[in-house]
Engineer: 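Encoded as structure tokens, here's the structure I'll be asking about.
Residue numbers start at 1 and run along the sequence shown. These numbers were taken from a predicted model, which means no experiment stands behind them. Whatever order the structure lists ligands and atoms in, that order sets their numbers, starting from 1.
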Amino acid sequence: MLMPNFSYVQPKTLADAIKHLSSDGARLHAGGTDLLGCLRDDIFPAKKLVSISQLKDLRGIRQMKDGGLRIGALSTLTEVAHNKMILERYPALAKGALEAASPQLRNQGTIGGNICQKPRCWYYRGEFHCLRKGGDRCYAYQGENQFHCILGSGGICYITHPSDTAPALVAYEATAQVAGPKGTRRVPLAKLHVLPAEDVKKETVLRPNEIVTEILLPPPVQGLRSSYRKVRARQSWDFALAGVALALKFNGDRVEKARVVLSGAAPIPWRSKEVEEAVTGKRLDADTIAGAAEAAVKNAEPLDQNGYKIPLFRGVLEEELAAIAGIY
Ligand SMILES: Cc1cc2nc3c(=O)[nH]c(=O)nc-3n(C[C@H](O)[C@H](O)[C@H](O)COP(=O)(O)OP(=O)(O)OC[C@H]3O[C@@H](n4cnc5c(N)ncnc54)[C@H](O)[C@@H]3O)c2cc1C
Ligand code: SF4
């Protein structure tokens with residue numbers, strides 16, 4: 001398939017970029033690693049691409065006065081994966097960025113694009129006019145669904161959220177700074193993504209003329225231990241079959257507060273309140289870990305071909321909780 005015809009602009013100011021994005025058929029272009037594939041495969045149309053690459057304020061990673069971190073939305077995944085402050089204070093995010101895609105794609109792809117990328121369902125990416133494209137059915141439900149979700153579909157759409165950085169950002173309680181025609185607003189990462197039951201045609205709460213300008217991470221919490229684990233079919237590059245971002249605040253040997261976010265499980269980065277409840281206030285011993293792993297999948301609703309994800313998630317949770325507890 002050839003690229004469709006569209007105009008291309010590279011505004012120099014945020015206000016200009018927002019103005020361009022407000023015109024009919026405009027699409028935001030960051031690194032283009034996802035967007036250009038979608039256009040080439042005719043998944044959605046575009047009349048105008050608005051590149052944000054000239055917006056210098058959207059670059060850079062720096063510490064804020066409160067001790068937190070500000071990551072410009074144009075920071076590449078490579079920059080996020082290797083930044084010293086992120087590696088030391090937010091290791092789950094560094095790992096998520098490092099495990100996303102291939103080295104070439106990480107050099108080009110941005111963190112803003114990573115959290116806003118389109119789903120990877122092969123029917124959606126193919127020539128199927130499914131519910132998410134405005135059609136009348138989900139082709140995955142009775143089709144090839146081995147990589148689809150086991151939680152949160154609402155019986156409507158069975159995508160898994162493709163981002164490896166978003167689960168860690170939700171676990172760290174990060175916020176997206178968003179600019180639009182009416183000014184700026186802050187959206188907690190935990191509220192950025194949209195479930196099929198809310199709107200099957202949208203992946204995020206952003207309007208077409210809104211831009212994520214930066215991601216804000218709160219200051220590191222004393223006693224916080226965090227990690228990201230991703231299981232994939234191929235070692236080279238692949239999206240998560242199952243994964244988990246953990247951010248557990250310990251008081252002595254007990255978990256005082258927990259944020260547990262699954263990847264490869266649901267249409268959005270899936271906060272597992274069941275696991276959080278199972279570990280909060282507890283020592284992470286073998287019984288607690290086994291109970292938490294079970295809790296992760298207790299509400300799962302597998303399709304015909306993805307039942308293997310249930311033991312997979314149980315195993316990932318068991319291993320990752322044991323590792324964070326220092327059991328092995
Ligand atoms: C072969 C392949 C394998 C991949 N594997 C993985 C993987 O394992 N894990 C993973 O996490 N990702 C994976 N990806 C996705 C990749 O990480 C993303 O394509 C990349 O991070 C997107 O960044 P970008 O800057 O290129 O976004 P673009 O392609 O420019 O944009 C992607 C989408 O986000 C929107 N967008 C971009 N920036 C902003 C912003 N600042 N504000 C609002 N909207 C915005 C665009 O309008 C577009 O809809 C893979 C991609 C490919 C092609
Ligand atoms: S899972 Fe969602 S994106 Fe995939 S075919 Fe079904 S409705 Fe479309």
Engineer: For atom 9 (N) of ligand 1, find the nearest protein heavy atom and state the residue, atom name and distance (0.1 Å precision).
Structural biologist: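 The closest one turns out to be Asp164 OD2, 2.7 Å.
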Engineer: Find out whether the Lys NZ or Arg CZ of Arg232 is both under 6.0 angstrom from the six-membered ring centre of Phe239 and within 45° of the ring's axis.
Structural biologist: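 So Arg232 doesn't make the cation-pi contact.
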Engineer: Should you measure from each heavy atom of Ala30, which atoms of ligand 1 turn up under 4.0 Å away?
Structural biologist: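 It comes down to these atoms of ligand 1: 25 (O), 30 (O), 37 (C), 38 (N).
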Engineer: Between Glu88 and Lys84, is the closest basic N to carboxylate O distance under 4.0 Å?
Structural biologist: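 Answer for the salt bridge query: yes.
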Engineer: Compute the shortest N/O to N/O distance between Val212 and ligand 1 and return yes if it is under 3.5 Å, no if not.
Structural biologist: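 Min N/O separation from ligand 1 is below 3.5 Å for Val212.
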Engineer: Test of understanding: given a 4.0 Å heavy-atom threshold, classify the contact between Leu77 and ligand 1 as side chain, backbone, both, or neither.
Structural biologist: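 For Leu77, the contact with ligand 1 is made by the side chain alone.
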Engineer: With side chain to side chain contact (heavy atoms under 4.5 Å, CB included) as the test, pick out the partner of Leu151 among Asn299, Val297, Thr160.
Structural biologist: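 Running side chain to side chain contact (heavy atoms under 4.5 Å, CB included) over Asn299, Val297, Thr160 with Leu151 returns exactly one hit, Asn299.
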Engineer: Ile52 versus ligand 1: do any nitrogen or oxygen atoms come within less than 3.5 Å of each other?
Structural biologist: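 For ligand 1, there is no N or O atom that lies under 3.5 Å from one belonging to Ile52.
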Engineer: Verify the ring-centre separation between His29 and Tyr8: is it less than 6.0 angstrom?
Structural biologist: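 Yes, they do, as the ring centres are separated by less than 6.0 Å.
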Engineer: Going by the order shown, which atoms of ligand 2 are within less than 4.0 Å of some heavy atom of Tyr123?
Structural biologist: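 In order of numbering, the contacting atoms are 5 (S).
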Engineer: Just jot down the ligand 1 atoms closer than 4.0 angstrom to any heavy atom of Pro162, in number order.
Structural biologist: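 By the 4.0 Å cutoff, the relevant atoms are 9 (N), 10 (C), 11 (O).
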Engineer: Rounded at 0.5 Å granularity, tell me how far CD1 in Ile71 sits from CG in Leu93.
Structural biologist: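 Result: 5.0 Å between the selected atoms.
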Engineer: What residue and atom, counting heavy atoms only, is the protein's closest point to atom 47 (O) of ligand 1, and at what distance?
Structural biologist: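 Heavy-atom neighbour on the protein nearest atom 47 (O) of ligand 1: Leu28 O, 2.7 Å.
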Engineer: Just checking, any donor-acceptor pair under 3.5 angstrom between side chains of Tyr158 and Asn145?
Structural biologist: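 Short answer, no.
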Engineer: If we count only N and O atoms by modelled type, under 3.5 Å, do the side chains of Ser53 and Ser51 hold a donor and an acceptor together?
Structural biologist: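 Per modelled atom types, Ser53 and Ser51 side chains form a pair under 3.5 Å.
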Engineer: Would Glu276 and Arg271 pass as an ion pair if we require N to O under 4.0 Å?
Structural biologist: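 Yes.
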Engineer: Check this for me - ligand 1, Leu105, N or O atoms closer than 3.5 angstrom, yes or no?
Structural biologist: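 Min N/O separation from ligand 1 is not below 3.5 Å for Leu105.
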Engineer: Would you give the length of the straight line joining atom CD1 of Ile86 to atom CG of Leu98, rounded to the nearest 0.5 angstrom?
Structural biologist: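 Rounded to the nearest 0.5 Å, the CD1-CG separation comes out at 12.0 Å.
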Engineer: Using a 3.5 Å cut-off on N or O atoms only, is Ser163 in polar contact with ligand 1?
Structural biologist: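 No, no N or O pair falls under 3.5 Å.
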Engineer: If you measure from each heavy atom of Arg27 to ligand 1, is any distance below 4.0 Å?
Structural biologist: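 The answer is no, since Arg27 has no heavy atom less than 4.0 Å from ligand 1.
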Engineer: Considering only heavy atoms of Cys130, which atoms of ligand 2 have at least one such atom less than 4.0 Å away?
Structural biologist: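 Listed by number with element: 3 (S), 5 (S), 7 (S), 8 (Fe).
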Engineer: Determine whether the aromatic ring centres of Trp122 and Phe147 lie less than 6.0 Å apart.
Structural biologist: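 Under 6.0 Å, so yes.
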Engineer: How far is atom 7 (C) of ligand 1 from its nearest protein heavy atom, and which residue and atom name does that atom have?
Structural biologist: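 Closest protein heavy atom to atom 7 (C) of ligand 1: Ala101 N, 3.1 Å.
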Engineer: Hey, which atoms in ligand 1 end up nearer than 4.0 Å to a heavy atom of Arg120?
Structural biologist: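 Numbered from 1, ligand 1 contributes 51 (C), 52 (C), 53 (C).
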Engineer: Which of the numbered atoms in ligand 2 are under 4.0 angstrom from any heavy atom belonging to Tyr124?
Structural biologist: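 Once the distances to Tyr124 are compared, the set is 3 (S).
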Engineer: Check Arg229 with Asp164, please: is the shortest side-chain N to carboxylate O separation under 4.0 Å?
Structural biologist: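 Salt bridge absent between Asp164 and Arg229.
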Engineer: For ligand 2, is any non-hydrogen atom under 4.0 Å from Cys121's backbone (N, CA, C, O), its side chain (CB onward), both, or neither?
Structural biologist: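 Looking at Cys121 and ligand 2, just side chain atoms fall under 4.0 Å.
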Engineer: Look up atom CG in Leu21 and atom CG in Asn209, then write down how far apart they are to the nearest 0.5 Å.
Structural biologist: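 Answer for the CG-CG pair, Leu21 versus Asn209, is 7.0 Å.
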Engineer: What about Leu246 and Ile327, same hydrophobic cluster or not, with Ile/Leu/Val/Met/Phe/Trp/Tyr joined at side-chain heavy-atom distances under 4.5 Å?
Structural biologist: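 Yes; Ile327 is reachable from Leu246 via cluster members.
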Engineer: Counting non-hydrogen protein atoms only, what is the nearest one to atom 37 (C) of ligand 1? Give residue, atom name and distance.
Structural biologist: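 Closest protein heavy atom to atom 37 (C) of ligand 1: Gly113 CA, 3.4 Å.
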Engineer: Taking Lys118 first and then Glu203, would you say they form a salt bridge - that is, a charged N and a carboxylate O separated by under 4.0 Å?
Structural biologist: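 Yes, Lys118 and Glu203 are salt-bridged.
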Engineer: What protein heavy atom sits nearest atom 6 (Fe) of ligand 2, and how far off is it?
Structural biologist: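 The closest one turns out to be Cys138 SG, 2.4 Å.
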Engineer: Tell me which protein heavy atom sits closest to atom 4 (C) of ligand 1, plus the residue, atom name and distance to 0.1 Å.
Structural biologist: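 For atom 4 (C) of ligand 1, the nearest protein heavy atom comes out as Phe239 CZ, 3.2 Å.
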Engineer: Starting from atom 15 (C) of ligand 1, find the nearest protein heavy-atom neighbour and note its residue, name and distance.
Structural biologist: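 Going atom by atom, the protein heavy atom closest to atom 15 (C) of ligand 1 ends up being Gln117 OE1, 3.2 Å.
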Engineer: If I apply the N/O under 3.5 Å rule, does Thr33 come out as touching ligand 1?
Structural biologist: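 For ligand 1, there is an N or O atom that lies under 3.5 Å from one belonging to Thr33.
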Engineer: Where is the nearest protein heavy atom to atom 1 (S) of ligand 2: which residue, which atom, and how far?
Structural biologist: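 That would be Tyr158 N, 3.1 Å.
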Engineer: Does any donor atom in the side chain of Ser23 or Lys48 lie under 3.5 Å from an acceptor atom in the other side chain?
Structural biologist: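 Short answer, yes.
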Engineer: Output yes when Arg207 and Glu210 qualify as a salt bridge under the 4.0 Å nitrogen-oxygen rule, no when they do not.
Structural biologist: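 Salt bridge between Arg207 and Glu210, a charged N being under 4.0 Å from a carboxylate O: yes.
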Engineer: Is it possible for you to check whether Lys133 lies under 6.0 Å from the centre of the six-membered ring of Tyr124, through NZ or CZ, and within 45° of that ring's axis?
Structural biologist: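 Output yes; distance and angle both within limits.
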Engineer: Is there any N or O on Thr110 that sits under 3.5 Å from an N or O of ligand 1?
Structural biologist: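 Yes, at least one N or O pair falls under 3.5 Å.
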Engineer: Closest by any non-hydrogen atom to atom 32 (C) of ligand 1: pick that one out of Asp34, Ile115, Leu39.
Structural biologist: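 Residue with the shortest heavy-atom distance to the ligand atom: Asp34.
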Engineer: Among all protein heavy atoms, pick out the one at the shortest distance from atom 2 (Fe) of ligand 2; state its residue, atom name and that distance to 0.1 Å.
Structural biologist: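 Among all protein heavy atoms, the one nearest atom 2 (Fe) of ligand 2 is Cys157 SG, 2.4 Å.
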Engineer: Look only at interatomic distance and state if Gln108 has a nitrogen or oxygen under 3.5 Å from any nitrogen or oxygen of ligand 1.
Structural biologist: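 Min N/O separation from ligand 1 is not below 3.5 Å for Gln108.
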Engineer: Using a 3.5 Å cut-off on N or O atoms only, is Ala100 in polar contact with ligand 1?
Structural biologist: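 In fact, backbone or side chain, Ala100 has no N or O that close.
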Engineer: Tell me, which protein residue and heavy-atom name are nearest atom 3 (C) of ligand 1, and how many Å apart are they?
Structural biologist: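 Here the nearest protein heavy atom works out to Trp237 CE3, 3.5 Å.
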Engineer: Taking 4.0 angstrom as the limit and counting only heavy atoms of Ile159, give me the atoms of ligand 2 inside it, by number and element.
Structural biologist: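 Under 4.0 Å from Ile159, ligand 2 has these atoms: 1 (S), 2 (Fe), 3 (S).
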Engineer: Rounded to the nearest 0.5 Å, what separates atom CG in Leu195 from atom CD1 in Ile156?
Structural biologist: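 So the gap between those two atoms works out to 9.0 Å.
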Engineer: For the atom pair CZ (Phe250) and CD1 (Ile324), what is the distance rounded to the nearest 0.5 Å?
Structural biologist: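 CD1 of Ile324 is found 6.0 Å from CZ of Phe250.
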Engineer: Which residue holds the protein heavy atom closest to atom 33 (C) of ligand 1, what is that atom called, and what is the gap in Å?
Structural biologist: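 Going atom by atom, the protein heavy atom closest to atom 33 (C) of ligand 1 ends up being Cys116 O, 3.6 Å.
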Engineer: Answer with side chain, backbone, both or neither: which part of Arg207 has a heavy atom less than 4.0 angstrom from an atom of ligand 1?
Structural biologist: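 Neither part.
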Engineer: For atom 21 (O) of ligand 1, which of the options Asp238, Leu36, Asn114, Ile211 provides the nearest non-hydrogen atom?
Structural biologist: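 The nearest heavy atom belongs to Asn114.
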Engineer: Is Lys230 close to ligand 1, meaning an N/O of one under 3.5 Å from an N/O of the other?
Structural biologist: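 N/O-N/O distance under 3.5 Å: yes.
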